[in-house]
Amino acid sequence: MEENINIRDMIQILKKRWILIVVLTLIAGLCSGIISYNVLKPVYQASAQILVNQKKSDNSTTLDASQIQTNLQLINTYSVIIKSPTILGKVIEDLNLNQSVNELNQKVTVVSQENSQVFSVKIEDTNAANATKIVNAVTKTFKKEIPRIMNVDNITILTKAGASENPTPIKPNPLLNIAIAALVGLILGIGLAFVLEYIDNTIKREQDIEKLLGVPALGSIPKTYKNHEKNLPQRMGSETLEP
């Protein structure tokens, strides 16, 4: 029974503070929409694929399983080399980019799949054309430098990044941001409603007195209005003066 009373009280609090909850939800969603559409810059992504596969010798007609396993293990090493200053420094120099190696490193992502000799190099940039240009330069430079660095020749650029007429940014996602912000605003509004109710120790109802004193209320005094009190003697006086 106590649980039902608590739930009923919670519902009453939410009904009492519903304007506060709705306002906070709308404000959070509105602020998120303004920031997503007008403040945050769109970020585009370009991707290229690289195949790690040792060239077969003239006398070999079959694939060597041990060679494939070696190529798979090399992908982890190649992922580090691609993001190293040796590769990125040359890319910055060739493209005359106005950014440091660390800044370019943060834009580069290497994605590999388990038991696959193909891995992807992805670049994120606020300019779609720059992202395409940089990722192609990174893969080209990597293919050129890896024989000197590792003394191997097992790199093939499988897919180059292509320019799109209408590129779509990968972030921000305004609708998702608005939904998340509105949810956060809703949670904050509900939490604030319970906090305000908790710190409000004023007595407003008969039930509050009963809960405070632990005894039932025997009666209540109705609320009076000043205008009614002022007019009451005048009416009574006019009635007594009539013949």
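The structure presented is a predicted model; accordingly, all values stated were derived computationally and were not measured.
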Between Gln45 and Ile123, is there a side-chain heavy-atom distance shorter than 4.5 Å?
no
Would you give the length of the straight line joining atom CD1 of Ile187 to atom CD1 of Ile21, rounded to the nearest 0.5 angstrom?
11.5 Å
Asp153 side chain to Pro147 main-chain N or O, any donor-acceptor pair under 3.5 Å?
no
Do Leu14 and Met10 have side chains that get closer than 4.5 Å, going by heavy atoms?
no
Do Ile34 and Ile178 belong to the same hydrophobic cluster, where Ile, Leu, Val, Met, Phe, Trp and Tyr are linked whenever their side-chain heavy atoms lie under 4.5 Å apart, directly or via other members?
no
From CD1 (Ile11) to NZ (Lys15), nearest 0.5 Å
6.5 Å
Heavy-atom distance under 4.5 Å between the side chains of Val43 and Asp125, does that happen here?
no
Is the shortest heavy-atom distance from the side chain of Leu196 to the side chain of Ile199 under 4.5 Å?
yes
Is there a path of hydrophobic side-chain contacts, each under 4.5 Å between heavy atoms of I/L/V/M/F/W/Y residues, joining Ile75 to Leu51?
no
Tell me, with the steps shown, if Leu97 and Glu103 meet side-chain contact (heavy atoms from CB on, under 4.5 Å).
CA-CA 11 Å; Leu97 299 177; Glu103 291 174 341; over 6 Å; no
Are Ile134 and Ile92 connected into the same hydrophobic cluster when the rule is that any two of I, L, V, M, F, W, Y join if their side-chain heavy atoms are below 4.5 Å apart?
yes
Between Asp94 and Lys140, does the side-chain contact (heavy atoms from CB on, under 4.5 Å) criterion hold? Intermediate values first, please.
CA-CA 11 Å; Asp94 293 341; Lys140 181 180 178 181; over 6 Å; no
I'd like to know whether Lys90 forms a side-chain contact (heavy atoms from CB on, under 4.5 Å) with Lys144, so could you lay out the CA-CA distance, the side-chain angles of the two residues, the decisive distance to 0.1 Å, and finally the verdict.
CA-CA 11 Å; Lys90 290 184 177 296; Lys144 179 181 178 181; over 6 Å; no
Result block: side-chain N/O donor-acceptor pairs under 3.5 angstrom for residues 108-115, not counting sequence neighbours:
none

Spell out, yes or no, whether Tyr44 and Val138 are grouped together once hydrophobic residues are joined by side-chain heavy atoms under 4.5 Å, including indirect joins.
no
Determine whether a donor-acceptor pair (N or O, by modelled atom type, separation under 3.5 Å) exists between the side chain of Thr132 and the backbone of Ala163.
no
Identify the heavy atoms of Ala193 and Arg17 that sit nearest to each other, and give their distance.
CB-CB, 3.6 Å
Flag, side chain of Ser32 to backbone of Gly29, donor-acceptor distance under 3.5 Å:
no
Can you tell me how far the CG atom of Leu175 sits from the CD1 atom of Ile180, to the nearest 0.5 Å?
11.0 Å
In short, Ser47 meets Lys122 closest at the heavy-atom pair OG-CG, 3.7 Å
Ile146, Leu88: one ILVMFWY side-chain cluster at the under-4.5 Å cut-off?
yes
Nearest 0.5 Å, what's the OG-CD1 distance between Ser120 and Ile50?
8.5 Å
Closest contact, heavy atoms only, Pro169 versus Pro42:
CB-CB, 3.7 Å
In Val121, Ile157, Thr159, the residue satisfying side chain to side chain contact (heavy atoms under 4.5 Å, CB included) with Gln49 is Thr159
Distance in Å, Ile82 CD1 paired with Phe142 CZ, rounded so as to fall on 0.5 Å steps
4.5 Å
Could you give me the CA-CA distance, side-chain angles and deciding distance for Leu158 and Thr156, then say whether side-chain contact (heavy atoms from CB on, under 4.5 Å) is met?
CA-CA 6 Å; Leu158 189 62; Thr156 302; 5.6 Å; no
In sequence, state the C-alpha distance, the side-chain angles, and the governing distance for Arg148 and Glu145, and then conclude on salt bridge (charged side-chain N to carboxylate O under 4.0 Å, His left out).
CA-CA 6 Å; Arg148 179 183 63 84; Glu145 295 295 327; 2.7 Å; yes
Please collect all side-chain hydrogen bond (donor to acceptor under 3.5 Å, both in side chains) contacts where either partner lies in residues 72-89, sequence neighbours excluded, each pair once.
Tyr78-Asn154
Here the pair of heavy atoms bringing Ser36 nearest to Asn177 is OG-ND2, 3.1 Å
Rounded to the nearest 0.5 Å, what separation is found between the OG1 atom of Thr25 and the CG atom of Leu30?
12.5 Å
